[in-house]
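Reminder, nothing fancy here: chain letters follow the sequence lines and each chain counts from 1.
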Amino acid sequence: MKIATYNVNGIRSRLPNLLEWLEREAPDIACLQELKAVDEGFPIGAINDAGYGALWAGQASWNGVAILAKGVDPVESRRGLPGDAKDTQSRYLEAMAHGILVGCLYLPNGNPWPGPKFEYKLAWFERFLRHAQRLLDSGQPVVLAGDYNVVPTDEDIYDPTHWRRDALLQPESRDAYARLLAQGWVDALRKRHPDERIYTFWDYFRQHWPRDRGLRIDHVLLAPPLAGRLKDANVDRWVRDQPKASDHAPTWVELSASAPKRTVAKKAPAKKAAPKKAPAKKAASRRSRTEA
DNA sequence: ATGTCATTGAGGCAATGA
């Protein structure tokens, strides 16, 4: 089960890139952000033809999110974050697909900092924290995937020097993200790669992609019921190298199949006592990453 | 401030957001 998030930066101009990625990587669920298209402009025909069902929340010019599911129509559970009836920006969509409850988010960028856009970012984040806690409390297998517009630590950027006054690195942004993780969510990319520099976004300026000067701002968070199923997580960097690429690359997790229902019957006696695999699985023997 | 790209509204480019 592969679940991905991809900020397409304009789904109409990016449709060829999106379709090629869907064909090559075949995610079971894909969360998209920055559609930059009204509902009527969403290319549902091409996406259906690619073998995906979809839900989307469009908006003129900016924002816009969508959830794609391979072979099925995702079942919508929420459209928009609760907590502010006046917020009309299309930044959150939630649906059930393939046995996973997936929240697709496009957290406000917040630049320029300081200012009202940054205040909006923090307010949105607080609403998101409240909703995330409720999802966690529900005990469901939830994935929260999207463009969080937060560089969690200085290990998540090529060089923070020029970004100190950017909304993506502000202590308030990082603190909100840290509080989200403290609720119990697992940052899947970081869990799988504790000590690597991993980027998901390279801006269009100053040849940042060819020089691999990136930021990690697209995140896939797993609720505890899914944490034990994490097999792998990574970034489809090749997508960023395509002609007319988005400034983001798809970021994904691979989950093992859900555990078979446990019955009362004991498992069949093992023919040979299989050597216990070293309990390195969740030993968390290396535990050194801290905030700078 | 700058860099680049997508979008829009008007126009043959400038403003805006990221």
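- Taking atom CD on A:Gln207 and atom P on B:dG3, their separation rounds to 14 Å, with Å as the unit.
- Ion pairing between a basic and an acidic side chain is recognised when a charged N comes within 4.0 Å of a carboxylate O; A:Asp28 and A:Lys70 show such pairing.
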Considering only nitrogen or oxygen atoms on both sides, find all protein atoms under 3.5 Å from nucleotides 5-11 of chain B and state each distance.
| from | atom 1 | to | atom 2 | distance (Å) |
| --- | --- | --- | --- | --- |
| B:dA6 | OP1 | A:Arg14 | NH1 | 3.2 |
| B:dA6 | O3' | A:Ser13 | OG | 3.4 |

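- With P as the reference atom, B:dA10 and B:dT16 are 14 Å apart, rounded to whole Å.
- The closest side-chain donor-acceptor pair between A:Gln89 and A:Gln59, if any, does not fall under 3.5 angstrom.
- Between A:Tyr177 and A:Tyr148, the ring planes are perpendicular. Angles over 60° get that label, and only those under 30° would be called parallel.
- A:His131 and A:Glu94 form a side-chain donor-acceptor contact under 3.5 Å, judged by distance and modelled atom types alone.
- Between A:Val142 and A:Trp185 the shortest side-chain heavy-atom distance falls below 4.5 Å.
- A distance of about 27 Å separates the P atoms of B:dG12 and B:dA1, rounded to the whole Å.
- Distance, A:Asp247 CG to B:dG3 C1': 13 Å, rounded to whole Å.
- Between A:Gln59 atom CD and B:dG17 atom P there is a gap of 12 Å when expressed in whole angstrom units.
- A donor-acceptor pair shorter than 3.5 Å cannot be found between the side chains of A:Asp247 and A:Trp202.
- A straight line from CG of A:Asp166 to P of B:dG17 spans 15 Å, rounded to a whole angstrom.
- Across the protein-nucleic acid pair, A:Phe118 atom CZ and B:dA18 atom P stand 14 Å apart, rounded to whole Å.
- When the P atom of B:dT2 is taken as reference, atom CZ of A:Arg165 falls 16 Å away, rounded to whole Å.
- For A:Asp203 and B:dA1, the CG to P distance is 17 Å, given to the nearest whole Å.
- No side-chain donor-acceptor contact under 3.5 Å links A:Asn9 to the backbone of A:Ser246.
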What does the list of N/O pairs under 3.5 Å between the protein and nucleotides 12-14 of chain B look like, with a distance for each?
none

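- Relative to the ring axis of A:Trp238, A:Arg24 places its NZ or CZ within 45° and under 6.0 Å from the centre.
- One atom, CZ of A:Phe205, and another, C1' of B:dA1, lie 12 Å apart when rounded to the nearest Å.
- Within 4.0 Å (heavy atoms only), A:Phe201 reaches no atom of the nucleic acid at all.
- Looking only at side-chain heavy atoms (C-beta outward), A:Pro160 and A:Ile157 come within less than 4.5 Å of each other.
- You'll find a donor-acceptor pair under 3.5 Å spanning the side chain of A:Arg206 and the base of B:dT2, going by distance alone.
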